[in-house]
Amino acid sequence: MIGFLDRLARPLLKALDPEDAHGLAIKMLKFAPLPPAPHDDKRLALRVFGLNIPNPVGIAAGFDKNAEVPDALLRLGFGFVEVGTITPMPQPGNPRPRLFRLDADHGVINRLGFNSQGADAALRRLATRSGAGGVVGINVGANKDSADRVADYVQLIERFAAVASYVTVNISSPNTPGLRNLQQASVLDDLLARVVDARERVAPNAGPTPVLLKIAPDLSLGDLDDVVGIARSRRVDGMIVGNTTVARPPNLLENKIAKEAGGLSGRPLYPLANRMLAETYVRVEGVFPLIGAGGIDSGATALAKIRAGASLIQVYSGLVFRGLGLIVEIKNALLEALEDDGQDASKEQDTLKEFIGADAAAVTAEPWPK
Ligand SMILES: Cc1cc2nc3c(=O)[nH]c(=O)nc-3n(C[C@H](O)[C@H](O)[C@H](O)COP(=O)(O)O)c2cc1C
């Protein structure tokens, strides 16, 4: 059924303006009669952030910005879903066009700018699925014209903790002017202190809510030292590395579209994202787990991401070019890697752990990616 839908929809989606195609994909997921989530091989299961996750393949933030289809996404076979970015108040984002496909490069540029229906709309939807199970993380961000951006994050943690498997503090979107300044050491320390404090305050009612920090791949290594140091001292539960890049690798084929302002994702982001993931992994020293995102579009790139330091991975742009078959391809590749490794097939959960970060030191020793 999913393969059929995918084959039917992809030529149509590719013929449309990218943002119209995205809107149609959300509608299809809302109304398509999807079968229940597939049963994953037990060897793919992991316990991360105190959550039981059936497989490490998640869908990254930005696909389901308004929490419209988290259960449909779980049914497609994702091990976890991250909805958002959700802002406190509704806001339209930047004017269209603001989403571009770099077909020859298998890349995407977006400058959506946190188009969001706002917290109330997302909360209403998430409340109706309470008790539905599945790991659904909520990615939160500040409104563009907010007078106090830190207060935006604090109120979103307070409001969403009860319906979130985890909350991601997104300070790395390049499309809200000044947002990434929240990654600067003094500001970040205050932000994380207040966010973690908010999480503790609501915990008696909301239960434990892991807080993750999502960073840009464009940080300098000096800034990364600071960010990881603060994340460790403020005891966040994990980091996502990372968001889209404002850089444009020199070898892009779609030169003209590459000049569009915004964040680049997909295949051209992979080398930088993987390097920053490994750089983060060696700095974190196992204190908390990482989610790796950026340019995963095959079983091989997914496994390499885990070997560079990711406990879990997220895909987005790869789905545009490879379709939903990518999910199964990645799971099969991970199982194959376990078998090649001579793993005991009767072992359950956390079998993948031995791959996590196995190549991190080697990746950080390579020449810096162009
Ligand atoms: C169209 C689009 C919208 C996105 N929106 C968000 C967002 O709202 N919040 C966020 O944290 N990341 C957002 N991202 C970034 C992705 O979550 C992911 O970090 C990035 O695209 C790298 O993964 P990929 O190469 O697999 O796409 C968006 C990406 C794309 C392509």
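Start at 1 and go down the list; that is how both ligands and their atoms are numbered. For reference, positions follow the sequence shown, starting with 1. Note that these values count all heavy atoms, side chains included, but never hydrogens, waters or copies made by symmetry.
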Considering only non-hydrogen protein atoms, determine which one is nearest to atom 18 (C) of ligand 1 and report residue, atom name and distance to 0.1 Å. Lys214 NZ, 3.9 Å
Proximity to ligand 1 by part of Leu112, non-hydrogen separation under 4.0 Å: side chain
Here the gap from Leu277 atom CG to Arg307 atom CZ, rounded to the nearest 0.5 Å, amounts to 13.0 Å
Polar-atom distance check: Asn110 versus ligand 1, any N or O pair below 3.5 Å? no
Which of the atoms in ligand 1, numbered in the order shown and given with their element, are less than 4.0 Å from a heavy-atom of Leu269? 22 (C)
For ligand 1, which atoms have a heavy atom of Gly295 less than 4.0 angstrom away? 24 (P), 25 (O), 26 (O)
Tell me which protein heavy atom sits closest to atom 27 (O) of ligand 1, plus the residue, atom name and distance to 0.1 Å. Ser317 OG, 2.6 Å
Does only the side chain of Leu99 get under 4.0 Å from ligand 1, or the backbone, or both, or neither? Count heavy atoms. side chain
With a 4.5 Å cut-off on side-chain heavy-atom distances among I, L, V, M, F, W and Y, is there a chain of contacts connecting Leu303 to Leu269? no
Minimum-distance protein heavy atom relative to atom 26 (O) of ligand 1: Tyr316 N, 3.1 Å
Report yes or no: does Ser172 have a heavy atom closer than 4.0 Å to ligand 1? no
Are Arg96 and Asp20 ion-paired here, with the side-chain N under 4.0 Å from a carboxylate O? yes
Using a strict threshold of under 4.0 Å (side-chain N to carboxylate O), is an ion pair present between Arg199 and Asp237? yes
For atom 9 (N) of ligand 1, which protein heavy atom lies nearest, and how many Å away is it? Thr85 OG1, 2.7 Å
Proximal ligand 1 atoms for Asn170, defined as those under 4.0 Å from one of its heavy atoms: 9 (N), 10 (C), 11 (O)
How far is atom 5 (N) of ligand 1 from the closest protein heavy atom, and which atom is that? Gly62 CA, 3.1 Å
Considering non-hydrogen atoms of the protein only, which is the closest contact for atom 15 (C) of ligand 1, and what is the distance? Asn243 OD1, 3.4 Å
Which residue and heavy atom of the protein sit nearest atom 31 (C) of ligand 1, plus the separation: Ser265 OG, 3.4 Å
Straight-line distance of Ile171 CD1 to Asn181 CG, nearest 0.5 Å: 10.0 Å
Check this for me, if you would: do Asp189 and Arg234 make a salt bridge, where the nitrogen-to-carboxylate-oxygen distance has to be below 4.0 angstrom? yes
Check this for me: Lys65, atom NZ, are more than 12 non-hydrogen atoms of other residues, nucleotides or ligands nearer than 6.0 Å? yes
Could you tell me the residue and atom name of the protein heavy atom closest to atom 14 (N) of ligand 1, and the distance to it rounded to 0.1 Å? Ala61 O, 3.4 Å
Tell me whether ligand 1 is touched by Gly294 - counting only heavy atoms on the residue side and a distance under 4.0 Å. yes
With heavy-atom distances below 4.0 Å as the criterion, list the atoms of ligand 1 near Asn139. 10 (C), 11 (O)
Less than 4.0 angstrom from a charged side-chain N to a carboxylate O is my criterion; do Lys30 and Glu68 meet it? yes
Can a salt bridge be assigned to the pair Arg267 and Asp297 using a cut-off of 4.0 Å between side-chain N and carboxylate O? yes
Look at Asp197 together with Arg201 and state whether they make a salt bridge at an N to O cut-off of under 4.0 Å. yes
For the residue pair Tyr316 and Phe63, categorise the inter-ring angle as parallel (less than 30°), tilted (30 to 60°) or perpendicular (more than 60°). perpendicular
